[in-house]
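Only one structure is covered here, and it is reproduced in the block below.
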Amino acid sequence: MTLTNPSVQAAAATATAVPGRAELVARATALQPLLREHAARIEADRKVTDEVIDALADAGLFKLTVARRFGGYETDMRTLLDASAALAEGDGSTGWVVAVVNTCNWLAGLFPAEVQEEVFGADADARVTGVFTPAAAGNHKVEGGWRMSGRWYYNSGAWHSTWAVLGMPLTDESGEVVDQAMALVPRTDLEMQDVWHVAGMRGTGSNCLIAEDVFVPERRVISVPRAIDGELPAVHGPTGLFRSPLSPLLALGLAGPQVGMARAALKLVTEKAATKPISYTYYATQAESVAVQLQIAEAALQIDTAQLHLHRAAADIDEAAARGGELDVLTRARVRADSGHAIKNALEAINTLLNVHGGGAFADANPLQRIWRDASIAGRHAVAMPAVSMEIYGKVLLGVEERITPFV
């Protein structure tokens with residue numbers, strides 16, 4: 001059949017040009033040798049190397065959640081999870097930065113069309129990072145927008161971002177806080193303070209962004225409660241990605257790297273088990289030991305459990321977005337619980353694998369110690385803390401009306 005409608009032809013051409021999930025995950029997997037090669041330097045420099053950033057950009061892995069009308073792929077949450085997990089198998093910090101940028105690129109897609117044009121239309125390689133927690137310093141209403149000052153800790157990927165989405169209290173002319181908002185600000189309007197000196201995820205470069213009386217026009221400020229309730233007039237593309245519920249997406253978007261790091265640990269430990277003896281026993285190799293076999297099986301199943309919960313949560317979000325429907329409160333709460341439970345299982349699997357491998361896991365030369373440190377930091381991000389997520393889900397299951405957060 002011949003297509004005669006130009007708009008239909010354009011849509012068909014765009015659909016043909018967009019790579020599928022398998023292709024994007026394959027691109028991420030293909031970068032693992034480069035990431036392992038650069039991992040030590042990424043950690044020492046406390047930021048992802050320029051060579052790796054360029055390779056990620058060339059592979060299109062910063063465009064997973066960018067609208068197709070701007071040359072992005074406008075994929076789904078399952079693709080983001082699987083791609084960031086594949087990257088984290090090579091280096092946890094890199095997987096995390098890609099997950100953050102894609103999550104924040106999605107947030108930028110909630111802003112009015114003219115703002116999206118400013119961000120993505122003007123720069124095909126735009127990368128948005130952000131800090132959702134509202135800074136409490138001097139924001140005040142002025143004609144046409146707000147003057148904003150504040151400090152935002154900790155902005156993962158700040159070294160390589162072109163825009164930042166920042167939480168801010170929204171005030172009226174008298175200075176009274178009337179709402180909580182997200183402000184989209186060019187990175188060039190912000191200073192950065194190098195404060196990211198931590199035990200793990202050092203390569204994320206999660207530094208402090210500083211605004212000093214920066215003007216933010218009204219078009220680049222949106223209400224967080226309205227975004228949570230899905231009330232923003234977002235421009236929806238062919239996939240429905242931008243209809244996804246905000247709170248569940250934020251929790252889920254950062255969970256993929258933990259699964260990837262756990263997989264990397266499993267691979268390292270199982271490969272070494274074939275030749276590594278168990279000290280003070282008769283076992284010539286760890287693989288001969290029933291105790292080791294049981295622990296390896298347990299860790300592998302915990303990683304599978306993490307992935308299955310993440311995939312279920314992604315399916316909840318993706319299917320609702322595709323059909324244009326909303327997620328009920330119980331499903332939203334379960335997505336948060338799925339995210340937290342997945343992270344809990346990934347962390348427990350890594351700890352089990354460390355026990356199997358023994359004290360040598362903590363040698364500076366052993367990648368296991370970096371995986372352990374990175375996962376331990378990533379798994380404690382406030383947006384997906386397992387205990388908090390479980391409490392949210394438990395309250396909804398029991399019909400408890402008390403809410404501990406608006407982010408459900």
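In this text, all values refer to a predicted model and were calculated from it rather than measured experimentally.
Using a 4.5 Å cut-off on side-chain heavy atoms (C-beta onward), Arg68 and Val18 make contact. Within the 4.5 Å cutoff, the side chain of Glu326 has no heavy atoms near those of the Arg243 side chain. Using a 4.5 Å cut-off on side-chain heavy atoms (C-beta onward), Tyr153 and Val131 make no contact. In this structure, Trp196 and Thr204 have side chains that are in contact, with non-hydrogen atoms separated by less than 4.5 Å. Side-chain contact between Arg127 and Trp163 is absent, with no heavy-atom pair separated by less than 4.5 Å. Using a 4.5 Å cut-off on side-chain heavy atoms (C-beta onward), His309 and Asn345 make no contact. In this structure, the side chains of Arg226 and Asp229 stay at 4.5 Å or more apart for every pair of heavy atoms. Proximity of Leu87 to Leu56: side-chain heavy atoms (C-beta onward) are separated by under 4.5 Å at one or more points.
Every residue two or more places apart in sequence or in another chain was checked for a ring-ring contact (aromatic ring centres under 6.0 Å, His included) with Trp146, and none qualifies. Considering only residues two or more places apart in sequence or on other chains, His311 meets the ring-ring contact (aromatic ring centres under 6.0 Å, His included) condition with none of them. By the salt bridge (charged side-chain N to carboxylate O under 4.0 Å, His left out) test, Arg220 pairs with Glu118, sequence neighbours left out.
Salt-bridge formation is not detected for the pair Arg370/Asp364: no Lys NZ or Arg NE/NH1/NH2 atom is positioned less than 4.0 Å from an Asp or Glu carboxylate oxygen. Taking 4.0 Å as the cut-off between side-chain N and carboxylate O, Glu319 and Arg323 do not count as a salt-bridged pair. Salt bridge annotation for Glu51-Arg41: present, with a cationic side-chain nitrogen under 4.0 angstrom from a carboxylate oxygen. Between Asp318 and Arg78 there is no salt bridge, since no side-chain N of the basic residue sits under 4.0 Å from a carboxylate O of the acidic one.
Across all their heavy atoms, Gly130 and Cys104 have their closest contact at N-SG, 3.4 Å. Summarising the geometry of Asp76 relative to Leu241, their closest heavy-atom pair is CA-CD1, 4.4 Å, with the distance given to 0.1 Å. Across Arg336 and Ala251, no two heavy atoms sit closer than the pair CG-CB, 4.2 Å. Ala227 approaches Met182 most closely through the heavy-atom pair CB-CE, 4.2 Å. Annotation for Ala181 and Val224: closest pair C-CG2, 3.6 Å, computed over non-hydrogen atoms. The heavy-atom pair separating Leu31 from Ala55 by the smallest distance is CD2-CB, 3.9 Å.
Evaluation of the ring pair (Phe, Tyr, Trp, His ring centres under 6.0 Å) test over residues 386-408, restricted to residues two or more places apart or in two chains, returns Phe132-Phe407.
No donor-acceptor pair under 3.5 Å is formed between the side chain of Asn366 and the backbone N or O of Gln369. Between the Arg332 side chain and the Leu327 main chain, a donor and an acceptor come within less than 3.5 Å of each other. No donor-acceptor distance shorter than 3.5 angstrom exists from the side chain of Arg373 to the backbone of Ser376, with no hydrogens or angles considered. Under a 3.5 Å cut-off, the side chain of Asp338 and the backbone N or O of Leu310 do not form any donor-acceptor pair. Proximity of a side-chain donor or acceptor of Gln258 to a complementary backbone N or O of Ile343 within less than 3.5 Å is not detected. For Gln286 (side chain) and Val356 (main-chain N/O), a donor-acceptor pair under 3.5 Å exists by modelled atom type. Between the side chain of Ser206 and the backbone N or O of Tyr154, no donor-acceptor pair lies under 3.5 Å. Between the side chain of Asn207 and the main chain of Trp159, no donor-acceptor pair closer than 3.5 Å is present. When atom types are taken as modelled, the side chain of Arg27 and the backbone of Ala59 share a donor-acceptor pair closer than 3.5 angstrom. In this structure a side-chain-to-backbone donor-acceptor pair under 3.5 Å is missing from Thr65 to Asn105.
Within 6.0 Å of the NZ atom in Lys272, the count of heavy atoms belonging to other residues, nucleotides or ligands does not exceed 12.
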Subject >> side chain to side chain contact (heavy atoms under 4.5 Å, CB included) evaluation trace for Arg219 with Glu114 >> reply: CA-CA 8 Å; Arg219 68 180 181 277; Glu114 61 180 316; 3.6 Å; yes
**OP:** Please step through ring-ring contact (aromatic ring centres under 6.0 Å, His included) for the pair Trp372 and His357, ending with a clear verdict.
**Re:** CA-CA 12 Å; Trp372 170 62; His357 197 72; over 10 Å; no
**OP:** Evaluate side chain to side chain contact (heavy atoms under 4.5 Å, CB included) for Arg202 paired with Ile42, printing each intermediate quantity in order.
**Re:** CA-CA 8 Å; Arg202 292 174 178 169; Ile42 288 171; over 6 Å; no
Original post:
Which is it for Val128 and Leu184 under the side chain to side chain contact (heavy atoms under 4.5 Å, CB included) test, yes or no, and what are the steps along the way?
Top reply: CA-CA 9 Å; Val128 184; Leu184 196 56; 4.1 Å; yes
**OP:** Give the intermediate values and the outcome of side chain to side chain contact (heavy atoms under 4.5 Å, CB included) for residues Phe120 and Arg69.
**Re:** CA-CA 9 Å; Phe120 300 111; Arg69 65 185 182 280; over 6 Å; no
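Judged by distance alone, the side chains of Asn355 and Thr352 never bring a donor and an acceptor atom under 3.5 Å apart. The closest side-chain donor-acceptor pair between Trp96 and Ser156 falls under 3.5 angstrom. Residues Asn155 and Thr129 have side chains that bring a donor and an acceptor to within less than 3.5 angstrom of each other.
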Review item, side-chain donor-acceptor pairs of residues 293-308, under 3.5 Å, at least two apart:
unit_1, atom_1, unit_2, atom_2, d
Gln293, NE2, Ala287, O, 3.0
Gln295, NE2, Ala291, O, 3.3
Gln302, OE1, Ala349, N, 3.4
Gln302, NE2, Glu348, OE1, 3.2
Thr305, OG1, Leu301, O, 2.9
Gln307, OE1, Arg263, NH2, 2.3

Can you give the donor-acceptor pairs under 3.5 Å from side chains of residues 208-218 to other protein atoms, not counting sequence neighbours?
unit_1, atom_1, unit_2, atom_2, d
Asp213, OD1, Arg147, NE, 3.3
Glu218, OE2, Lys141, NZ, 3.0

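Atom-to-atom distance recorded for Leu268:CG and Leu354:CG is 10.5 Å, nearest 0.5 angstrom. One distance of note links CE of Met77 with CG of Asp82; it measures 10.5 Å at 0.5 Å rounding. Between the NZ atom in Lys395 and the CD atom in Glu401 there is a gap of 12.5 Å [rounded to 0.5 Å]. Distance check, rounded to the nearest 0.5 Å: CG of Leu64 to CG of Leu80 gives 6.0 Å. In this structure, CD1 in Ile350 is found 10.0 Å from CG in Leu266, a value given to the nearest 0.5 Å. Annotation: the span from Ser161 atom OG to Arg187 atom CZ amounts to 5.0 Å, rounded to 0.5 Å.
The residue from Thr49, Thr94, Asp45, Asp91 that alone fulfils the side-chain hydrogen bond (donor to acceptor under 3.5 Å, both in side chains) condition with His38 is Thr49.
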